[in-house]
2 protein chains.
Amino acid sequence: MENNLNVWRAKEDITQGELAEAVDVSRQTINAIERGRYDPSLELAFKLADYFECSIEDIFEYDPTGSSDE
Amino acid sequence: MENNLNVWRAKEDITQGELAEAVDVSRQTINAIERGRYDPSLELAFKLADYFECSIEDIFEYDPTGSSDE
DNA sequence: TCAAAGAGGAAAGCATACTTTACATAATGG
DNA sequence: CCATTATGTAAAGTATGCTTTCCTCTTTGA
């Protein structure tokens, strides 16, 4: 799974902490997702898409070949 | 979080077991999601949307008011 | 010079998604 | 009547998402 959360965040010019507060998770959770340490829950994905007013698919790209980091 | 996975499944006329195999999870996982016992991971949500050739938002509806069962 | 605040990053533990195994019920058809 | 198929449920264990705490680096300002 890939994501361009940092790009969306840069567009809005907000910090990880601000985004974290907006979607009600810890700052470290946003950090971990941007760094690719893990994928968010479906709920958090919805919250992020809601915040940026886009679809989940606009932020996250699922790679069916799926070797987690290729 | 609400979903109409059973409707999509009915459209394709497949069993929980068949869907489970198609998206590579256990039958109980599909069952649990349909029954609302928990939400799928983002990865599984992508696999399901892929399978039904629709968007995640077509299957799952996030309720921001969020009291889990209202 | 250095204390404080702002930004990002990582480890350990807690919460939740998922699996395996097992059992129960209803519907179908020999 | 009995075997099979589809669904629902549950308990125990594993994997993964998330929080809390701590650390580093940079910037600011007295």
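In what follows, chains carry the letters A, B, and so on, assigned in the order in which the sequence lines appear, proteins first and then strands, with residues in each chain numbered from 1.
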Every protein N/O within reach of nucleotides 25-30 of chain C N/O, cut-off under 3.5 Å:
none

Does any part of the side chain of [Y], heavy atoms only, come nearer than 4.5 Å to the side chain of [X], both counted from C-beta?
{"X": "A:N3", "Y": "A:I33", "answer": "yes"}
{"X": "B:M1", "Y": "A:E43", "answer": "yes"}
{"X": "A:L42", "Y": "B:S41", "answer": "no"}
{"X": "B:V23", "Y": "B:T29", "answer": "no"}

| query | With respect to the phosphate group of C:dC18, does any side-chain polar atom (N or O) of B:S41 fall under 4.0 Å of OP1 or OP2? | reply | yes
| message | If the cut-off is 4.0 Å, is B:S26 near the phosphate of C:dT19, judged by side-chain N/O to OP1 or OP2? | response | yes
| Any Lys/Arg nitrogen of A:R9 or A:E34 sitting under 4.0 Å from an Asp/Glu carboxylate oxygen of the other? | yes
Rounding to an integer number of Å, can you tell me how far [X] [atom1] sits from [N] [atom2]?
{"X": "A:Y38", "N": "C:dT16", "atom1": "OH", "atom2": "C1'", "result": "13 Å"}
{"X": "A:E21", "N": "C:dA7", "atom1": "CD", "atom2": "C1'", "result": "15 Å"}
{"X": "A:L44", "N": "C:dT16", "atom1": "CG", "atom2": "P", "result": "14 Å"}

| field | B:L48/B:L19 under side-chain contact (heavy atoms from CB on, under 4.5 Å): CA gap, chis, key distance, verdict | value | CA-CA 9 Å; B:L48 290 167; B:L19 178 56; 4.0 Å; yes
Could you write out each protein N or O paired with an N or O of nucleotides 10-13 of chain C at a distance under 3.5 Å?
{"from": "C:dA10", "atom 1": "N6", "to": "A:Q28", "atom 2": "NE2", "distance (Å)": "3.4"}

| request: Sequence neighbours left out, what passes side chain to side chain contact (heavy atoms under 4.5 Å, CB included) with A:S55? Give chain and number order. | output: A:E57, A:D58, B:E57
| request: Quick one: list whatever passes side chain to side chain contact (heavy atoms under 4.5 Å, CB included) with A:N31, sequence neighbours left out. | output: A:Q16, A:R35
| task | Write down the atom of A:F60, the atom of B:F46, and the distance for their closest heavy-atom approach. | result | O-CZ, 3.5 Å
| remark: Shortest non-hydrogen pair, A:D50 vs B:P64, comes out as OD2-CG, 4.1 Å
| Quick one: how far along DNA chain D does chain A reach, first to last nucleotide 5' to 3', anything under 4.0 Å to a heavy atom? | D:dG17 to D:dC22
| request: For DNA chain C, find the residues of residues 5-19 of chain A with a heavy-atom distance under 4.0 Å and give them by number; none if there aren't any. | output: A:R9, A:T15, A:Q16
| message | Within a 6.0 Å radius of atom CD on B:E18, are there more than 12 heavy atoms belonging to other residues, nucleotides or ligands? | response | yes
| CG of A:N4: more than 12 outside heavy atoms within 6.0 angstrom? | yes
| query | For B:I59 and B:Y51, what are the C-alpha separation, side-chain angles and deciding distance, and is it a side-chain contact (heavy atoms from CB on, under 4.5 Å)? | reply | CA-CA 11 Å; B:I59 306 177; B:Y51 180 84; over 6 Å; no
